[in-house]
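Everything below concerns the one structure shown next.
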Amino acid sequence: MDDQHGILMEAINALRLALVSGAGRERISELLDEFIEFARMHFWSEEQLMAQTGFAGLEEHRADHHRMLADLLQYAHRLQYGEEVQLRPLLCSLHNGFLHHIETLDQKYVPWFHEHGVS
Ligand SMILES: [Fe+2]
Ligand SMILES: [Fe+2]
């Protein structure tokens with residue numbers, strides 16, 4: 001999971017770099033779609049492991065994943081249809097939102113997974 005978190009944060013950095021280097025809306029939209037696909041896969045993996053090991057915080061955790069994914073999809077949709085989206089604040093809130101989730105909710109399962117032999 002730590003590896004996947006690293007990949008997620010790197011993908012957000014790639015988006016920031018693309019923005020700073022003047023990439024167009026289309027490229028940003030493409031990178032955002034890739035990010036969403038990876039995030040979806042990552043959320044699913046976590047939820048599977050929590051379900052398999054009977055982790056009590058699964059529902060709360062799943063709800064936060066859903067909320068993040070819904071936000072992401074809404075941004076992606078707006079970008080795709082050329083609606084006005086402030087990209088810098090978007091990336092900033094994406095970065096902070098993911099970091100916050102990883103440092104709070106994701107940390108809650110770490111000892112539990114460890115006890116259950118999941119690394
Ligand atoms: Fe995570
Ligand atoms: Fe999570």
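Computed from a predicted model, the values in this text were never measured in an experiment.
- In terms of hydrophobic clustering, with Ile, Leu, Val, Met, Phe, Trp and Tyr side chains grouped at heavy-atom distances under 4.5 Å, Leu99 and Tyr109 are assigned to different clusters.
- Interatomic distance, CD of Glu103 versus NE2 of His101, reported as 11.5 Å (0.5 Å rounding).
- Considering only heavy atoms from C-beta on, Asp71 stays 4.5 Å or farther from Leu94 through its side chain.
- Residues Phe35 and Phe98 meet the side-chain proximity criterion, which asks for heavy atoms closer than 4.5 Å.
- By the 4.5 Å heavy-atom criterion applied to side chains, Lys108 and His61 are not counted as neighbours.
- Distance check: Asn13 CG to Leu8 CG gives 11.5 Å after rounding to the nearest 0.5 Å.
- Between Gln52 and Val118 there is no side-chain heavy-atom pair separated by less than 4.5 Å.
- Closest approach of Ala18 to Leu31, counting heavy atoms only: CB-CD1, 3.6 Å.
- Side-chain contact between Gln4 and Phe38 is present, with at least one heavy-atom pair separated by less than 4.5 Å.
- The shortest distance between side-chain heavy atoms of Phe43 and Arg62 does not fall below 4.5 Å.
- Within 6.0 Å of the NE2 atom in His100, the count of heavy atoms belonging to other residues, nucleotides or ligands does not exceed 12.
- Legend: residues meeting salt bridge (Lys or Arg N to Asp or Glu O under 4.0 Å) with Arg27, ordered by chain and number and at least two apart, are Glu30.
- Side-chain contact between Glu46 and His65: present, with at least one pair of heavy atoms (C-beta onward) separated by less than 4.5 Å.
- For the atom pair OG (Ser45) and CD (Glu47), the distance works out to 9.0 Å, reported to the nearest 0.5 Å.
- In this structure, Leu49 is a member of the same hydrophobic cluster as Val110, with clusters built from ILVMFWY side-chain heavy atoms closer than 4.5 Å.
- Hydrophobic clustering (ILVMFWY, side-chain heavy atoms < 4.5 Å, transitive): Leu32 and Leu69 are in one cluster.
- Annotation for Glu26: atom CD does not count as buried by contact number, only 12 or fewer foreign heavy atoms lying within 6.0 Å.
- Taking hydrophobic clusters as Ile, Leu, Val, Met, Phe, Trp and Tyr residues chained together by side-chain heavy-atom distances below 4.5 Å, Met41 shares a cluster with Ile102.
- Between atom CG of residue Leu15 and atom CD of residue Glu34 there is a gap of 9.0 Å, rounded to the nearest 0.5 Å.
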Which atom pairs, donor and acceptor, lie under 3.5 Å between side-chain atoms of residues 72-92 and protein residues at least two apart or in another chain?
| from | atom 1 | to | atom 2 | distance (Å) |
| --- | --- | --- | --- | --- |
| Arg78 | NH2 | Glu84 | O | 3.4 |

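- Hydrophobic clustering (side-chain heavy atoms under 4.5 Å, transitive across Ile, Leu, Val, Met, Phe, Trp, Tyr) keeps Trp44 apart from Phe55.
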